[in-house]
Each structure stands twice: as C-alpha cells, then as structure tokens.
Amino acid sequence: MAPQQVKPVGGFSFENYTRNAVLETKGAKPPKATSTGTTIVGVIYDKGVCLGADTRATEGPIVADKNCEKIHYLAPNLYCCGAGTAADTEFTTNSISSQLELHRLSTGRKTRVVTAMTLLKQMLFRYQGHIGAALVLGGYDINGPQLYTIYPHGSTDKLPYVTMGSGSLAAMSVFESKWKPNLTREEAIAIVSEAIEAGIFNDLGSGSNVDVCVIEENSTDYLRNHVRPNERAVKEQSYRYPRGTTAILKESIRNFVDVVEGDAMDMS
Amino acid sequence: MEYNGGSVVAMVGKNCVAIASDKRLGQQFMTVSTNFQKIFPASEKTYIGLPGLATDVLTLSERFRFNINMYNMEEERDIEPKTVAHMISSTLYQRRFGPYFVEPVVAGLSKDNTPFICAMDLIGCINFAKDFVVSGTASQNLYGMCESLWEPDLEPEDLFETISQALLNAQDRDALSGWGAVVHIITPDKVITRSLKSRQVSKETYCGD
C-alpha cells in the first residue's frame, strides 16, 4: 500500500506537482498557507540597529496564531524579521542561519551582515519569487550597524529605516514624521514600538503584540512581547461543563508501564 | 482539503493534553465511512492528528510511522513531541511546490511531562500554542467554540468535557465533519481513549425540512 520508504535526502521535491494540478481540476482545492500579514520595521540608531514586528499570523481571514515570532535568529549579531508566507520565512532563515554557522566555523570570524544578505538574495532570486519571503535584515558587524530589506524576487535595499508587510504604510508614516539621525536607544525602541502599533491598529493583517530586538556592538536584546496592547479581558463567566455531560460509547485506558533498569540477576 | 472532510482539535490542560477528531470520511457530500481514523500515535505519550485529503492522511501516517521507528532505533530513546512537530514540518516543506493537503496537529507530553501542542499549515509552518489548536473543515467553528470554552489549568476529566463539547458542537454545524468523535486524553500515567455519542446525520437531513 505505501510507496517504498526511503530516508529523505533534503531539498525540495516536486513529486506531487502534477497530482495536485489534476486534483484542482477535480474540485479539491489546496488549503490556504499561513501568511504573516504583518508589520515589520527596522531602524538604525547611534549605537546599533533596532528591529520590530507584530505577532499575528493569518490563514486567509482567520487569525491562525495570535502570538507568533517573526524576528528570526540568524547569528548572535544578526536578526531577521520575516513577512509573507510564514513557512517560507521560517525555513529560509533557518537554512541561511545554518549556512552562516558553518561559515563562521570555517572563517573563524564574526558574521557580516552583507554575507547573510547575499546568501538570502541569491537563494530567493534562484526561486524567482516563488518563495514568498520578504525580509528585514539587521545586524552589527565590523563595519557598524546595517539594515537591509530583501524582497521575494531577490532585490535588496540598504537604508537607515525600513518597513515591510501589509502594515508597512502605517508604520512608515510614523517613521517619516519621527525618525532623525543619531537617535538614542530609548528613542529608537520608542519609535519602533509606535510604528508597529500603528500597523497593529490600522492594518487588518497585523495585530496582537509588539516584539522588539535591539542589536549593539557587543550585545543583543530580544524583547519578546515588549508591548501588549491587546490583552484579552478577564472572561465574565466560566463555561466549564459538569463532569458527565458528554455521552460516551466506548472507553479504553492504556496505563504506562514504568520500565525500571533491572539489577543484575541475583544469583545468591 | 474539502474533498474528504474532517476536523481535529487539541487542548492543553493541567499536566495533560487532549486531542480529538471526528470519524467521517466523505467524497464531497457522500459519506463513505463513519470510522475513519485521523489521529495516530507517534510515541507512547504523543499523538498526531491529520485532517485533510484522505490519501495524504494515509500516506503521511505511514511515512511518519516509518520515520519515528527509525528514530527510536537509531537514537535508542523515545521521540519528544517537539521533535515530532519539526519532523512533520520538514516533511511538509520538502513538498513546498506540490504540497500534501493536510494540516497536522501534534499533541503530547514531553519526557518531563510538560504539555505540548502545535498545529501546522499544509507547508509546515508551525503554530506553537499554549491553549488550543484546531484544524480541518470545521476549523472556523472550532475556533469559536474553543475561544469561548477553554480556560487554563483544566483537570483531565474537565478537559475531556471541554474538548468534547467544543468538537461535538462545532462538527454539528459543519456538513463535512461529524459521524462520531474520538478523544484521547494524555496524562503522565495513562492515555484514556473515548468514543463519543454524537448526532449521526448527514447534511441532506438538515436541508430537507
């Protein structure tokens, strides 16, 4: 019944492509992939770079994850915010993070931001935009703090402040009024939070909480849920059902057996 | 995804998790089986729920059984639920440009008995939740039911009532899910599996008033 089982080799497999095309003609449409509607931003301040992201993941019009993590780790001094197809941003950043670690072991040096940027853009260009990952890459290396945007087709921009995602217009309006060169750390965190909140409240594809990540020369602070402007109010009533409400047809219990390491046989 | 129908839900309780599914297998609006298994054991304390296209449910359940058996033999230890989740995620992402039409749910207890649940989309994006996860054709109804009924730290017997009522009432409002329900409650010392008594009806019965 099952096809011959082999251990997977790695990389993409296009085996099901024709089958899925035929299925679609027969009325079996594929389900929607999780998208991070998203507001993601980055800002360069006097001593480093500050990244921000909202935490809502959507599947069409439904919120699939109310508190997902959109700021991905690439290297100790490099983090990357991801917008677009959630699985793509997750796997792309993991793959490049893995390549960067091997590169660090090979060169013996701290990772440079341009290395990550180049690996990402070359991979995304290779897939001609089919990998829907729009990224904001920020980090601090030997050349100081740097901020890049990377688009799904593989183009990049190097800028002092950036926004991406469906909430990017709301966030950019905050930056265009409040950003100035040489912000302090506190000012940077404040305008990043404000920009993300603008996205959360004005864009339907963004919501929940604000995540912030501050990268300086010798330290990185990942402030998960730095601001929580959408806390759920305490439920007014408990909807707990009395035990025995649900009718049961059959019950079976499997008790776990504790396997204790045996002692050597007692031969006395 | 809507060809065969089916739904799965998982919830976290106090030192326990529960995972439940309906039992229908259909071909669009015709019901073909009322005993179709959608939840499969991954390890003693971890279960995988696979709603979606039935052929992919069967293929993937066999594939994961193989991968987990290989893991047990090579690593000489039981697989953790988080590892199962990442393994499923990688398997699905490999088919990024020709995906399997399933949206899996994983529920289990780690080695130190911490509850774990997560859900994935069809290409492997994992949603780690602390409260509940839903999947399948009745997912929108399940979101509504779970969001109202769930509260933190429910004991196993209370968690059973909550997850059962959430699933039964959600599947009654979905034409493609229903025809029975199975619930597994996983606690540190045992797994309780119960078949629920549900409305045995098809959409046609509701329509012809």
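Chain A is the first sequence line, chain B the second, and so forth, proteins listed ahead of strands; every chain is numbered from 1.
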Options B:Phe97, B:Trp150, B:Tyr3, B:Phe128, ranked by heavy-atom pairs under 4.5 Å with chain A, top entry: B:Phe97
Per-residue contact mode, B:Leu168 against chain A (heavy atom under 4.5 angstrom): side chain
Non-hydrogen atoms of chain B under 4.5 Å away: do they reach the side chain of A:Thr18, the backbone, both or neither? neither
Could you verify whether a donor N or O on one side chain and an acceptor N or O on the other, from B:Asp174 and B:Thr137, lie under 3.5 Å apart? yes
Part of B:Thr55 within contact of chain A (heavy atom distance under 4.5 Å): side chain
Is B:Tyr47 close to B:Phe40 at the side-chain level, that is, under 4.5 Å between some pair of heavy atoms? no
Could you check whether B:Ser43 and B:Thr46, counting side-chain N and O atoms only, form a donor-acceptor pair closer than 3.5 Å? yes
When the 4.5 angstrom heavy-atom criterion is applied to A:Asp88 and chain B, the contacting part is both
Heavy-atom contact with chain A under 4.5 Å, split by part of B:Ile185: neither
For the interface with chain B, which of A:Tyr127, A:Phe91, A:Phe12 has the highest count of heavy-atom pairs at distances below 4.5 Å? A:Phe91
Quiz question: by atom type and distance under 3.5 Å, do the side chains of B:Lys45 and B:Asn113 form a donor-acceptor pair? yes
Among A:Arg232, A:Glu15, A:Arg243, single out the residue with the greatest number of heavy-atom pairs under 4.5 Å to chain B. A:Arg243
Tell me, side chain or backbone of B:Ser198 under 4.5 Å from chain A's heavy atoms, or both, or neither? neither
Carboxylate-amine/guanidinium proximity below 4.0 Å for A:Glu90 and A:Lys70: no
Given B:Asn4, B:Asn127, B:Leu53, the one with more heavy-atom pairs under 4.5 angstrom with chain A than any other is B:Asn127
When you check the side-chain N and O atoms of A:Asp54 and A:Thr39, is any donor under 3.5 Å from an acceptor? no
Regarding B:Tyr71 and B:Arg77, is there a side-chain donor-to-acceptor distance under 3.5 Å anywhere? yes
Contacting region of B:Gln27 [heavy-atom separation from chain A under 4.5 Å]: neither
Side chains of B:Leu50 and B:Ile48, heavy atoms from C-beta outward: is any pair under 4.5 Å? yes
Region of A:Leu249 in contact with chain B, defined by heavy-atom distances below 4.5 Å: both
Below 4.5 Å from any heavy atom of chain A, which atoms of B:Tyr143 appear? Answer side chain, backbone, both or neither. side chain
Of all of B:Thr162, B:Leu154, B:Thr91, which one pairs up most often with chain A through heavy atoms under 4.5 Å apart? B:Leu154
With chain B, the option among A:Gly27, A:Ser238, A:Ala21 that has the most non-hydrogen atom pairs under 4.5 Å is A:Ser238
Which atoms of B:Thr187 are under 4.5 Å from chain A, going by heavy atoms: the side chain, the backbone, both sets, or neither? backbone
For A:Thr156 and A:Ile150, the nearest pair of non-hydrogen atoms, with its separation, is CG2-CG1, 3.8 Å
Distance-only polar pair, side chains of A:Ser206 and A:Thr38, donor-acceptor under 3.5 Å: no
Residue part contacting chain A, namely of B:Asp189, when any heavy atom lies under 4.5 Å: backbone
As an exercise: rank A:Glu69, A:Lys235, A:Lys26 by heavy-atom pairs under 4.5 Å with chain B and give me the winner. A:Lys235
Between the side chain of A:Glu251 and the main-chain N/O of A:Ile248, is any donor-acceptor distance below 3.5 Å? no
Taking B:Gly124, B:Ser90, B:Gly180, B:Ser148 one by one, which has the highest count of heavy-atom pairs under 4.5 Å against chain A? B:Ser148
So, B:Lys38 side chain and B:Arg24 main chain: donor-acceptor pair closer than 3.5 Å or not? yes
Determine the option with the most heavy-atom pairs under 4.5 angstrom with chain A, choosing from B:Phe160, B:Phe101, B:Tyr100, B:Tyr93. B:Tyr93
Identify which of B:Glu2, B:Glu157, B:Gln165, B:His184 forms the greatest number of heavy-atom pairs closer than 4.5 Å to chain A. B:Gln165
State, yes or no, whether a side-chain contact exists between B:Val191 and A:Ser252 at a heavy-atom distance under 4.5 Å. no
So which part of B:Pro99 gets closer than 4.5 Å to some heavy atom of chain A, the side chain, the backbone, both or neither? both
